[in-house]
**Q** 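Structure in structure tokens, see below.
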Amino acid sequence: MDSYTHNSILEHGHGHVLQVEKVLHMTSGVGENSYSLNSALQKTVISKVRPVLEGTVRALYSKENFPRYFSVADLGCSSGPNTLIVTYEMIDAIVGLCRETGHSPPELTVFLNDLPSNDFNTDFKLLPDFYAMLKKEKGNEVGPCFIAGMPGSFYGRLFPSKSLDFVHSSYSVHWLSKVPQGINNNKGNIYMGKTSPHNVFEAYLEQFQSDFSLLLRSRADEIKLGGQMILTFIGRSIKDPTSRDCCLVWELLAKCLLDMAAEGLIEEADIDTFNLPYYNPFIEEVKTIVEKEGSFVIDRLETFEVNLDANDNDENKNYVFDKFTCGQNVSHCIRAISESLLADHFGEAIIDDLFERCAERIGEHLSMEKIKNFNIVISMARK
Ligand SMILES: C[S@@+](CC[C@H](N)C(=O)[O-])C[C@H]1O[C@@H](n2cnc3c(N)ncnc32)[C@H](O)[C@@H]1O
């Protein structure tokens, strides 16, 4: 056994309980492996949802009769350029509407929310340039804009009662508050997989039902009557949780971990006890929870797919030619979102090796068949 395996067993591994709220964060900073540099997929998703955002801002303004103050929260903002894209798009929509109707722009408060270990500093450093760009581009058409951070879990209260007009979240609510309980029999998998026992599927669905209901209940307290919320997240198009919509990329990552266990670099028992706090729901599961919780009415529910390699926009082929580059792109993206959880469980030392293997395996798969994310966008009004 080499020293890094030995250390990872002592400090990490099977006795270790993952505390999602403390550990989960997208890779910080602006380096090669950072979320800042590896979030092109999420940027594509935000741009595809822009028409829904514009429609929602319009709907809000027609109801509210141009309020002087407008308060917004972006849940799971993360760090890097994407964080302020949504803020910009919303301001752009408001400015356009004010121009059309001759109203004065409102004063805006924007809360950027994420878990406490998010790299808020990287976000805050972007603010001076963002404010300068707004002034240059929009001049007097944009009202005063105040952007602040709000650390904490969106599975619980974050804001004062009835204080928000609009809540937005992109690519965040598929993260659960914790790993579902009682799934240590999920051997050889790190998420729901084809070989997972039945109780694993049930436990994941139950955790999602409980988390998503809590999110709705918490926002219902905070959003003003008639206020709006748009949530975009990864889902699946069919009920079967072992469908390829669901688990493929995590199955490929699990295979890389199993290879490393076969080579004695990590312990197989550690793989058995590692499960992702993540769930991509079937659309009907989402609708049922919203209806049952009862505080919101769904205005719009749409779905769309994106290539997991966001740099691949050739829709004419079902496979990629450059498996090396595409494998690297996807591996970087997966690393930026999951590295904090994997390092917490297996130790930092395995991460470079794991994602080199992952790039190769994913590249091989992409040369036969592309991998796509199935996305759900849901726009809701507070009843
Ligand atoms: C993939 S990033 C999406 C970031 C950004 N919205 C975008 O579209 O690029 C998901 C973010 O959700 C955050 N997140 C996950 N669970 C959360 C929770 N319970 N409360 C607040 N943020 C959470 C993660 O920390 C992460 O920064």
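Remember, it's 1-based here, ligands and their atoms both numbered in the order they're listed. Because the structure is predicted, anything quoted here is derived from the model rather than measured. In what follows, residues are counted from 1 in the order of the sequence shown.
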**Q** Not counting sequence neighbours, list each pair that qualifies as a ring pair (Phe, Tyr, Trp, His ring centres under 6.0 Å) and has a residue in residues 266-301.
**A** H174-Y278, W175-Y278, Y191-Y278, F208-Y279, W250-Y278, F274-H345, F274-F346

**Q** Just to verify, what does E302 make a salt bridge (Lys or Arg N to Asp or Glu O under 4.0 Å) with, not counting sequence neighbours?
**A** R300

**Q** Taking the side chain from N275 and the backbone from V179, do they hold a donor-acceptor pair closer than 3.5 Å?
**A** no

**Q** Under a 4.0 Å heavy-atom cut-off, what residues line ligand 1?
**A** L24, M26, Y35, Q42, I46, G76, C77, S78, N82, N113, D114, L115, G152, S153, F154, Y155, S170, Y171, S172, W175

**Q** Sort and list the pairs that fulfil salt bridge (Lys or Arg N to Asp or Glu O under 4.0 Å) and have at least one residue in residues 139-155, not counting sequence neighbours.
**A** R99-E141

**Q** Is F304 linked to L248 within one hydrophobic cluster, defined over Ile, Leu, Val, Met, Phe, Trp and Tyr using a side-chain heavy-atom separation of less than 4.5 Å?
**A** yes

**Q** Just checking E100: does its CD atom have more than 12 heavy atoms from other residues, nucleotides or ligands closer to it than 6.0 angstrom?
**A** yes

